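The next block holds one structure in the form of structure tokens; read it before the comments.
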Amino acid sequence: MRHVYLCPLRWSDMDAFGHINNVVYLRYLEEARIDFMFRLARQADSGAFTGGSVVARHEIDYLKPMVHRHEPVTIETWVARLGGASVTVAYEIRDAETVYARAATVVVPYRLEDSRPRRLTAEEREFLSKYQDDGVGGLAEGSTAA
């Protein structure tokens, strides 16, 4: 199963060349990831990631330039890899006609009180496992992030 987030595009997201700046894609991914791992997890009463998490790695394949428009872009998010102390979240930024980017983020659960990584809890694993996907339509072939 995949989580779907509708992300608005802001006029200020464009660069001097008239397309969405590559750095802004990271913000879009962050918005989708926060909606998935925090809002959705809390709605499910899972208690997942209430102790904190950090991003260990990002990888983005930019496929087509995206320009500003009033309609939001769709970001599909799923779990590409579920490890003992990390999760790889994969994304596809798209609309009905075009895939603009594919990406992955490695997220590490983190114990904020003593500034250390930790293992995934049983609650986190249970929540995340519902969103595991085979990655078809995920990162480009040959990518190392998935």
Side-chain angles (χ1 to χ4, degrees), residues 1-44 46-83 85-113 115-118 120-121 123-125 127-146:
M1 173 168 46
R2 294 183 180 191
H3 172 259
V4 175
Y5 178 71
L6 299 178
C7 184
L9 306 179
R10 292 162 284 281
W11 184 258
S12 61
D13 295 346
M14 284 191 299
D15 61 18
F17 300 108
H19 61 267
I20 302 298
N21 186 277
N22 64 312
V23 173
V24 174
Y25 282 70
L26 285 171
R27 283 191 220 129
Y28 293 167
L29 299 177
E30 177 185 51
E31 287 180 36
R33 187 176 61 255
I34 295 301
D35 190 65
F36 168 56
M37 294 178 73
F38 292 92
R39 184 196 59 81
L40 192 63
R42 286 193 176 81
Q43 279 183 349
S46 76
F49 299 101
T50 56
S53 62
V54 294
V55 169
R57 183 170 194 270
H58 286 298
E59 180 175 321
I60 303 174
D61 291 331
Y62 299 97
L63 305 173
K64 299 276 184 188
M66 186 169 30
V67 296
H68 180 268
R69 61 178 187 216
H70 296 289
E71 301 80 31
V73 67
T74 298
I75 303 176
E76 293 183 3
T77 307
W78 67 94
V79 173
R81 184 182 163 283
L82 190 55
S86 69
V87 58
T88 302
V89 178
Y91 318 81
E92 199 167 73
I93 301 175
R94 63 178 309 127
D95 58 26
E97 299 83 34
T98 306
V99 177
Y100 298 101
R102 291 189 178 109
T105 301
V106 176
V107 178
V108 175
Y110 201 74
R111 193 182 324 271
L112 296 171
E113 54 275 359
S115 301
R116 296 176 45 138
R118 62 176 176 79
L120 287 163
T121 67
E123 282 181 315
E124 290 165 342
R125 292 184 70 74
F127 171 76
L128 293 168
S129 67
K130 296 174 189 168
Y131 292 90
Q132 282 188 290
D133 197 306
D134 62 6
V136 172
L139 290 172
E141 189 173 324
S143 175
T144 58

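Note that the structure is a prediction, hence the values are computed from the model and not measured.
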Note to self: Would Arg81 and Ser86 count as a side-chain hydrogen bond (donor to acceptor under 3.5 Å, both in side chains) here? Give the steps.
What the structure shows: CA-CA 8 Å; Arg81 184 182 163 283; Ser86 69; 3.3 Å; yes
Check: What pair of heavy atoms forms the shortest contact from Val107 to Ser53, and how long is it?
Finding: CG1-CB, 3.7 Å
Margin query: I want to check something: taking the side chain as every heavy atom from C-beta on, are Leu26 and His58 in contact at a cut-off of under 4.5 Å?
Written below: yes
Check: What salt bridge (charged side-chain N to carboxylate O under 4.0 Å, His left out) pairs are there with at least one residue in residues 12-22, not counting sequence neighbours?
Finding: Arg10-Asp13
Item checked: side chain to side chain contact (heavy atoms under 4.5 Å, CB included) partners for Ile34, two or more places apart -> Glu30, Phe38
Check: What distance do Met66 atom CE and Tyr28 atom OH have between them, rounded to the nearest 0.5 Å?
Finding: 5.5 Å
Next item on the list: Write down the atom of Leu82, the atom of Leu120, and the distance for their closest heavy-atom approach.
Entry: CD1-CD1, 3.7 Å
Next item on the list: Nearest 0.5 Å please: distance from the CD atom of Glu59 over to the CG atom of Leu29.
Entry: 11.5 Å
Next item on the list: Determine, for Arg102 against Asp61, whether the closest basic-nitrogen to carboxylate-oxygen distance falls under 4.0 angstrom.
Entry: no
Notebook entry, point to check: Which is it for Val73 and Arg94 under the side chain to side chain contact (heavy atoms under 4.5 Å, CB included) test, yes or no, and what are the steps along the way?
Noted result: CA-CA 6 Å; Val73 67; Arg94 63 178 309 127; 5.8 Å; no
Check: Going through the checks in order, is the side chain to side chain contact (heavy atoms under 4.5 Å, CB included) test met by Val24 and Met14?
Finding: CA-CA 9 Å; Val24 174; Met14 284 191 299; over 6 Å; no
Item checked: Interatomic spacing from CZ in Phe127 to CE in Met37 - rounded to 0.5 Å -> 8.0 Å
Margin query: I need the Lys64 NZ to Tyr100 OH distance, nearest 0.5 Å.
Written below: 10.0 Å
Next item on the list: Taking side-chain hydrogen bond (donor to acceptor under 3.5 Å, both in side chains) as the test, write out the residues that go with Thr74, two or more places apart.
Entry: none
Note to self: Centre-to-centre under 6.0 Å for Phe36 and Tyr5, is that the case here?
What the structure shows: no
Check: So how far is it from Leu40 CG to Lys130 NZ, rounded to the nearest 0.5 Å?
Finding: 9.0 Å
Item checked: Least distance between heavy atoms, Ala32 atom then Ile75 atom -> CB-CG2, 3.6 Å
Next item on the list: Indicate yes or no for a side-chain donor-acceptor contact from Arg125 to the backbone of Gly83 under 3.5 Å, with no hydrogens or angles considered.
Entry: yes
Next item on the list: Please round to the nearest 0.5 Å and tell me the distance separating atom CD1 of Ile20 and atom CZ of Arg27.
Entry: 10.5 Å
Margin query: Regarding Glu124 and Arg118, does a basic nitrogen lie under 4.0 Å from an acidic carboxylate oxygen?
Written below: yes
Next item on the list: On the 0 to 90° scale, with breaks at 30° and 60°, tag the Phe17-His19 ring pair as parallel, tilted or perpendicular.
Entry: parallel
Margin query: Less than 4.5 Å apart, side chain to side chain, heavy atoms only: is that true for His3 and Arg33?
Written below: no
Item checked: Contact summary for Pro109 and Ala85, nearest pair of heavy atoms -> CD-O, 3.3 Å
Checklist line | Under 3.5 Å donor-acceptor, Arg69 side chain and Glu71 backbone | finding: yes
Next item on the list: Could you go through the side chain to side chain contact (heavy atoms under 4.5 Å, CB included) check for Gln132 and Trp78 one step at a time?
Entry: CA-CA 6 Å; Gln132 282 188 290; Trp78 67 94; over 6 Å; no
Check: Taking all atoms of both residues into account, what is the closest heavy-atom pair of Ile60 and Ala101, and its distance?
Finding: CG2-CB, 4.3 Å
Notebook entry, point to check: Under the side chain to side chain contact (heavy atoms under 4.5 Å, CB included) criterion, do Val4 and Thr77 qualify, and how do the steps go?
Noted result: CA-CA 6 Å; Val4 175; Thr77 307; over 6 Å; no
